[in-house]
Amino acid sequence: ILKYPYIKQTSTLIREDKGEQYLVAYVVFNILDTSFSEEQLINQLKESLKNELPDYMIPHYFYALDKMPLNT
């Protein structure tokens with residue numbers, strides 16, 4: 001995911017709901033130099049990942065964050 005040009009930071013986690021596991025990606029975009037919306041960037045990122053990764057490695061959900069939360 002970090003290979004994508006407009007990604008500043010990312011974290012991918014496995015989540016579980018009703019016994020089903022799925023990947024979730026949290027991303028911080030560096031959108032200062034683009035006119036695309038976050039939704040457009042996420043769609044482009046998904047398409048880019050489809051060309052490089054098998055389906056099971058592509059996150060099911062992407063959440064755009066202003067900044068990555070950090071713990072002490």
Side-chain angles (χ1 to χ4, degrees):
I1 294 175
L2 284 173
K3 289 182 180 180
Y4 191 69
Y6 298 115
I7 301 293
K8 187 176 181 180
Q9 294 177 307
T10 186
S11 179
T12 305
L13 303 171
I14 297 174
R15 296 288 184 190
E16 188 170 342
D17 185 30
K18 299 178 185 174
E20 296 290 322
Q21 291 184 335
Y22 55 93
L23 289 173
V24 176
Y26 299 92
V27 294
V28 177
F29 286 106
N30 182 10
I31 56 173
L32 298 175
D33 34 337
T34 182
S35 60
F36 296 113
S37 71
E38 288 178 351
E39 184 178 340
Q40 290 172 319
L41 291 172
I42 288 173
N43 289 333
Q44 289 178 7
L45 175 58
K46 286 180 187 179
E47 289 301 315
S48 176
L49 292 175
K50 286 180 184 179
N51 294 327
E52 296 184 32
L53 298 172
D55 287 340
Y56 70 91
M57 293 180 72
I58 298 172
H60 287 82
Y61 299 101
F62 289 81
Y63 294 102
L65 304 173
D66 292 330
K67 64 180 183 175
M68 196 63 65
L70 301 175
N71 294 338
T72 55

Could you tell me which residues satisfy side-chain contact (heavy atoms from CB on, under 4.5 Å) with S11, sequence neighbours excluded, listed by chain and number?
-> L13, M68

Applying ring-ring contact (aromatic ring centres under 6.0 Å, His included), which residue pairs with at least one partner in residues 38-67 are found, sequence neighbours left out?
-> Y22-Y61, Y26-Y63

Can you pull the salt bridge (charged side-chain N to carboxylate O under 4.0 Å, His left out) pairs that have at least one residue in residues 15-28, sequence neighbours excluded?
-> none

With I7 via side-chain contact (heavy atoms from CB on, under 4.5 Å) - residues at least two apart = I1, L2, Y4, T10, V27, F29, L45

Roughly how far, to the nearest 0.5 Å, is the CG atom of L49 from the CD1 atom of I42?
-> 11.5 Å

Pairs touching residues 50-68 that satisfy salt bridge (charged side-chain N to carboxylate O under 4.0 Å, His left out), sequence neighbours left out | E47-K50

Residues passing the side-chain hydrogen bond (donor to acceptor under 3.5 Å, both in side chains) test with E38, sequence neighbours excluded, are none

Apart from I14 itself, what residues make up its hydrophobic cluster, given side-chain heavy atom links below 4.5 Å?
-> L23

